[in-house]
Amino acid sequence: MDSIEFDAIIRHPRTIIHIDVDCFYAQVEMLRHPELQSKPLGVQQKNIVVTSNYLAREYGIKKCMSVEEALQLCPELALVNGEDLTHYRHYSAKILKILHRFTPLVERLGFDDNFLDVTSIVQKYMNSGNDSELNISINMEDEHPVGKVFGPSEEECPCGCHSRLIIASKIAAEIREQIYKDLHITCSAGIGHNKLLAKLVGLLHKPNQQTLIFPCSAAMLLSTIESVSKIPGVGQKTTQLLMSNNIKTVDDLRKTPLEALEKKIGIDLARKLKDNAEGIDETVVKPTGKRQSIGLEDGFKSVSLIAEVESRLGALLRRLTELAMEDGRIPVAMRLTVRKHDFNKSASGKRETRQCALPKHLLPSSKSGIYDHAKMLALAMKLFHRTVDVSKPFHLTLLGVAFTKFEERSSGKNSITSFLRKQVAVQSVLDISSEEGVSDINLGSPMSVNQDSNDGSAMSTTSSPISKPIGTNNQTVDDDVLNEIEPLPKKTRLEVWLSGRRESPSNEMADLRLSPSSPMQLSPKIDAAVLKSLPIDIQREVTRSWPTTSKPKSNNILKYFIANK
DNA sequence: CTGGGGTCCT
DNA sequence: AGGACCC
């Protein structure tokens with residue numbers, strides 16, 4: 001077969017639907033507060049209106065606008081706080097379940113953005129006129145797509161994608177209908193033969209509508225997007241790089257020779273963007289599995305006291321352990337995130353993270369079935385002291401804590417797999433107990449904050465003799481476990497103090513010293529020899545079920561069947 | 001005081 | 001551990 005004919009036949013083999021929930025947070029809040037349904041509504045996080053309903057958008061309110069600005073545009077704007085994502089997470093899971101009724105091939109970006117590869121269900125419809133597994137029947141006689149179509153559709157592509165896309169538009173309509181019937185949430189959809197086109201075309205008609213694009217209109221769609229920054233994957237940095245090279249539009253991108261572009265932005269990105277500029281995108285829909293991390297963050301004006309850090313981390317950890325229990329898997333590592341106030345310039349304020357293994361005995365699987373919050377907090381504080389030099393004044397604008405590696409809850413028996421998996425998870429994580437073994441010397445004298453500063457705030461009178469002798473403080477967490485676990489008060493002394501304090505934080509602070517966090521026995525070293533000593537087929541069995549850290553390199557063979565360019 | 005989440009790559 | 005990206 002001539003390679004050109006071959007190209008023509010196999011060109012657009014996939015069918016992709018992109019489902020975007022309309023102003024997701026705002027819809028959820030309207031469901032929770034029906035009286036707000038008919039009013040302009042914004043969802044607020046800190047000083048930001050992160051999203052708003054369409055009534056509010058008529059006033060010109062945009063995503064991530066400041067509250068001030070939004071209220072100027074619409075003084076009667078109703079605002080609800082959306083800093084707690086619990087309800088959104090809940091609805092997001094329900095939406096995902098509905099999508100899974102259609103196909104397991106669902107890739108999620110965030111809570112409200114989904115790609116579905118419906119190639120195979122479209123094929124089922126073409127074979128039989130219905131899908132016995134779904135309760136949907138599609139009128140195959142009707143050749144018209146549901147919803148809008150972008151661009152001309154005069155000539156049918158010889159690969160047959162035309163009718164596939166039309167069927168997919170009916171499936172998309174059915175998906176949206178089921179989401180609305182079950183949840184009273186509206187979505188918009190884009191239908192195309194790849195992810196890029198499905199996503200971009202769905203933006204054209206937005207609340208509660210859907211749009212289809214045929215391949216012949218792909219280049220046209222890309223031409224109509226004004227800036228390269230609208231291409232998914234082109235963020236702020238790349239946009240700056242491109243603009244400094246006078247590349248602003250997709251057409252600029254097309255005019256730039258690949259070789260020249262590679263030198264400016266790197267070979268991988270250059271190739272991707274040259275493809276994208278023509279509407280080409282071979283990336284596959286990667287089904288989203290379990291989360292790779294579960295985290296919580298809290299931003300604030302400024303936190304400069306260790307005591308307040310401890311209080312806030314404690315609150316975050318309580319919620320985080322609840323989320324982990326819902327998830328069902330056992331976390332194996334903890335990561336702390338800190339954002340330090342950046343007052344040298346108006347720089348963005350980078351985050352710093354520290355990560356460590358989570359010792360097994362802090363986990364709920366061991367006897368009690370619950371987390372030991374005191375020790376979790378001690379561990380988090382240890383990470384904090386690795387991140388922030390508390391001998392000097394500090395002020396933070398964000399604290400976050402996350403679980404980052406997981407072990408499936410064993411369901412009992414698969415001992416060897418479970419054992420090895422745990423080892424591999426722990427192995428790559430820094431073992432913080434093994435270095436600076438006794439550590440916590442800083443913890444002994446936290447009042448040294450401000451010791452040479454003149455800002456006269458809280459602590460300057462202090463330097464209260466903290467001296468619990470470091471030596472006696474230095475029992476390990478393991479020792480604590482062996483001793484008895486002190487019943488955790490509803491409020492810790494720290495929280496009581498914090499909630500009661502007004503202006504004169506005095507030497508009460510001496511009592512707020514973090515309980516001696518100390519080296520923990522962590523992470524037995526992995527024994528690669530154990531694995532290697534197994535029969536090869538057992539090795540394979542074991543490694544196949546490991547949490548995926550390596551990814552299949554995306555050398556899609558289809559690439560070689562794409563019309564040259 | 002640009003939010004509170006996430007992903008993957010280097 | 002950080003960076004860039006997504007929503």
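Quick caveat: nothing in here was measured; it's all calculated off a predicted structure. What you see below is based on every heavy atom in this structure, not just the backbone, and it leaves out hydrogens, waters and symmetry mates.
Judged by closest nucleotide on DNA chain B, A/H395 is the one of A/H395 and A/I294 placed further toward the 5' end. Nearer the 5' end of DNA chain B, as judged by each residue's closest nucleotide, is the contact made by A/I48, out of A/I48 and A/G295.
Contact annotation: A/T353 does not reach the phosphate of C/dA1 (side-chain N/O to OP1 or OP2, under 4.0 Å). For A/K350, no side-chain nitrogen or oxygen approaches OP1 or OP2 of C/dA1 to under 4.0 Å. Proximity of A/K286 to the phosphate of B/dC8: a side-chain N or O atom is located under 4.0 Å from OP1 or OP2. In this structure, A/R89 reaches the B/dG5 phosphate: one of its side-chain N or O atoms is under 4.0 Å from OP1 or OP2.
For A/Q44 (side chain) and A/K46 (main-chain N/O), a donor-acceptor pair under 3.5 Å exists by modelled atom type.
Residue contacts shown for A/E83 are limited to sugar-phosphate atoms, with no base heavy atom under 4.0 Å away. Looking at heavy-atom distances under 4.0 Å, A/L396 makes no contact with the nucleic acid at all. Using a 4.0 Å heavy-atom cutoff across all strands shown, A/L398 reaches no nucleic acid atom at all. Within 4.0 Å (heavy atoms only), A/K237 reaches sugar-phosphate atoms of the nucleic acid but no base atom. In this structure, A/Q44 reaches neither bases nor backbone, as no heavy-atom distance under 4.0 Å exists between it and the strands shown. Across all strands, A/T288 comes closer than 4.0 Å to no nucleic acid atom at all (heavy-atom distances). Residue A/D113 is classed as a sugar-phosphate contact, given heavy-atom separations below 4.0 Å to backbone atoms only. Heavy atoms of A/R291 sit under 4.0 angstrom from primed sugar atoms or phosphate atoms, though from no base atom.
With rounding to whole Å, A/D20 atom CG is found 9 Å from C/dC7 atom P. At whole-Å resolution of the value, NZ in A/K63 and P in C/dC7 are 7 Å apart. Regarding A/L85, its CG atom lies at a distance of 9 Å from the C1' atom of B/dG3, rounded to whole Å. Residue A/L96 contributes atom CG, which lies 19 Å from atom P of B/dG5 at whole-angstrom precision. Counting to the nearest Å, the C1' atom of B/dT7 and the CD atom of A/E107 are 10 Å from each other. Note: NE2 (A/H87) to C1' (B/dG4) measures 16 Å, nearest angstrom. The distance from atom CG of A/N114 to atom P of B/dG6 is 15 Å, rounded to the nearest whole Å. Distance A/D298 CG to B/dT2 P: 15 Å, rounded to the nearest Å.
Shown here are the side-chain contact (heavy atoms from CB on, under 4.5 Å) partners of A/L55, two or more places apart in sequence or in another chain: A/P40, A/N53, A/E58.
To the nearest 0.5 Å, atom CG of residue A/N276 and atom CZ of residue A/R254 are 11.0 Å apart.
Under 3.5 Å, the side chains of A/T51 and A/R57 contain a donor-acceptor pair of N or O atoms.
Atom NZ of A/K230 sits in a sparse spot, with 12 or fewer heavy atoms from other residues, nucleotides or ligands closer than 6.0 Å.
The side chain of A/Y25 sits closest to B/dG4 out of C/dC5, B/dG4, C/dC6.
Aromatic ring orientation, A/F115 versus A/H18: tilted (interplanar angle from 30° to 60°).
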